[in-house]
Amino acid sequence: MSHGVLAPQRSTFASRKTVNGSRGSTTPWVRPADWLSLTTPSTSDQRMVGLAAVFQSNSNFVTVRASSAFKVDWGDGAGWNLYAANTTAEKNLQWADYDAGTLCSRGYRQAIVTVEPQSGNLTGLELRYRHSNAAASSNTSSVWLDLRVACTGSPTITGSASQWYPRMLETVEIVSNISNASYLFFGCSSLQTVPALNTALGTTFTAMFYGCSSLQFVPVLDTSSGTNFSAMFQN
């Protein structure tokens with residue numbers, strides 16, 4: 001593979017309602033109208049904003065970890081919670097803590113979770129750690145639906161040694177520079193679209209979209225610094 005700009009076909013998604021491919025007719029993904037809106041942080045921000053599903057069944061696990069001191073607003077009205085560097089912030093989102101007006105047609109309420117540094121930059125952002133109360137099963141999933149990320153260094157959404165996967169995650173925007181894209185979305189089987197991804201500094205793309213069986217769209221990727229593309233789109 002020659003290095004440069006990896007440009008998937010985009011025009012079919014923009015010009016017609018259905019896309020006819022080897023797997024049949026596919027309706028292009030549209031963000032559900034009754035999902036709560038999120039504001040994508042700018043490149044100068046140090047912030048993650050995530051939309052999470054909150055089911056009445058009370059197994060709504062989300063975790064966040066950073067290598068610098070950070071804070072999390074779980075969107076339940078309790079305000080900011082402070083966490084030391086290299087600790088895992090975890091939450092089992094409770095149905096009763098989120099307004100009935102957030103209920104969407106898919107049957108869950110919604111939480112907007114915000115992560116920021118206590119000072120300085122948001123570094124070493126990771127979402128791959130299993131909640132301590134989540135079953136140790138390969139089917140266990142966090143309940144992220146939509147992520148918007150601007151941080152320092154490459155965020156880890158899953159990873160090669162991931163303890164669990166965000167299998168409900170449908171869309172992600174990462175506006176900060178990514179130097180290591182390996183296993184970035186590994187196992188995100190519901191991922192539909194990645195509207196924004198800055199890979200100009202990326203050197204390794206191994207298994208970046210491995211197992212993303214629902215994927216419809218990725219942006220034009222700058223792979224000019226890339227050296228390893230093995231299994232980038234496998235499965």
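All values derive from a computational prediction rather than experimental measurement. Only heavy atoms go into these numbers, but all of them, side chains included; no hydrogens, no water, no symmetry mates.
- Here the shortest heavy-atom pairing between L122 and A66 reads CD1-CB, 4.1 Å.
- Taking 4.5 Å as the limit, some side-chain heavy atom of L197 sits within range of a side-chain heavy atom of L184.
- Here the straight-line distance linking atom OG1 of T193 with atom CD of Q216 works out to 8.0 Å at 0.5 Å rounding.
- Judged purely by atom type and a 3.5 angstrom limit, S67 uses its side chain to pair as donor or acceptor with the backbone of T123.
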Handout entry: side chain to side chain contact (heavy atoms under 4.5 Å, CB included) between M208 and T206, worked out
Key = CA-CA 5 Å; M208 181 180 182; T206 302; over 6 Å; no
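- Residues Y210 and Y183 place their aromatic rings such that the two centres sit no closer than 6.0 Å.
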Practice task
Quick one: do D99 and R109 satisfy salt bridge (Lys or Arg N to Asp or Glu O under 4.0 Å)? Show the steps, please.
Solution key: CA-CA 7 Å; D99 193 276; R109 293 180 180 178; over 6 Å; no
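- Taking the salt bridge (charged side-chain N to carboxylate O under 4.0 Å, His left out) definition, one finds that E170 meets it with R106, sequence neighbours left out.
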Practice task
Report the C-alpha separation of F205 and N228 in whole Å, then their side-chain angles, then the decisive distance to 0.1 Å, and conclude whether the side chain to side chain contact (heavy atoms under 4.5 Å, CB included) test is met.
Solution key: CA-CA 6 Å; F205 295 83; N228 191 335; over 6 Å; no
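- With L147 as reference, L127 is the one residue of L127, T40, V113 to meet the side-chain contact (heavy atoms from CB on, under 4.5 Å) rule.
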Practice task
Apply the test side-chain hydrogen bond (donor to acceptor under 3.5 Å, both in side chains) to residues Q192 and T171: give CA-CA distance (whole Å), side-chain angles for both, the deciding distance (0.1 Å), then the verdict.
Solution key: CA-CA 6 Å; Q192 302 277 342; T171 182; over 6 Å; no
Practice task
Given side chain to side chain contact (heavy atoms under 4.5 Å, CB included), test V194 with F209 step by step and report yes or no.
Solution key: CA-CA 11 Å; V194 184; F209 293 101; 4.0 Å; yes
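- Under the side-chain contact (heavy atoms from CB on, under 4.5 Å) criterion, P41 pairs with D45, R47, R148, A150, sequence neighbours left out.
- Under the side-chain contact (heavy atoms from CB on, under 4.5 Å) criterion, S154 pairs with I178, S179, N180, sequence neighbours left out.
- With sequence neighbours left out, F61 forms a ring-ring contact (aromatic ring centres under 6.0 Å, His included) with H131.
- Closest non-hydrogen pair, D146 versus R31, comes out as OD2-NE, 2.9 Å.
- Scored by the side-chain hydrogen bond (donor to acceptor under 3.5 Å, both in side chains) test, S132 finds E90 as partners (sequence neighbours excluded).
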Practice task
Would you sort out whether S42 and S44 count as a side-chain hydrogen bond (donor to acceptor under 3.5 Å, both in side chains), showing the intermediate values?
Solution key: CA-CA 5 Å; S42 68; S44 61; 3.1 Å; yes
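- Sequence neighbours left out, not one pair with a member in residues 201-220 passes salt bridge (Lys or Arg N to Asp or Glu O under 4.0 Å).
- Side chain of S190 to backbone of R167: a donor-acceptor contact under 3.5 angstrom is found.
- Applying the side-chain hydrogen bond (donor to acceptor under 3.5 Å, both in side chains) criterion to K91, with sequence neighbours excluded, gives D76.
- For A200, the side-chain contact (heavy atoms from CB on, under 4.5 Å) partners are N198, D222, not counting sequence neighbours.
- The side-chain contact (heavy atoms from CB on, under 4.5 Å) check on L36 picks up L51, T102, Q110, I112, with sequence neighbours excluded.
- The side-chain hydrogen bond (donor to acceptor under 3.5 Å, both in side chains) test applied to S119 returns no partner, not counting sequence neighbours.
- Sorted by first and then second residue, the ring-ring contact (aromatic ring centres under 6.0 Å, His included) pairs involving residues 65-87 (not counting sequence neighbours) are F70-Y83.
- Legend: side chain to side chain donor-acceptor pair (under 3.5 Å) pairs involving residues 48-62, not counting sequence neighbours, sorted by first then second residue: N58-Q94.
- Tested against R65, the residues N86, T87, T88 include a single side chain to side chain donor-acceptor pair (under 3.5 Å) partner, T88.
- In the hydrophobic clustering of ILVMFWY residues, with side-chain heavy atoms under 4.5 Å counting as a link, I174 and L201 come out apart.
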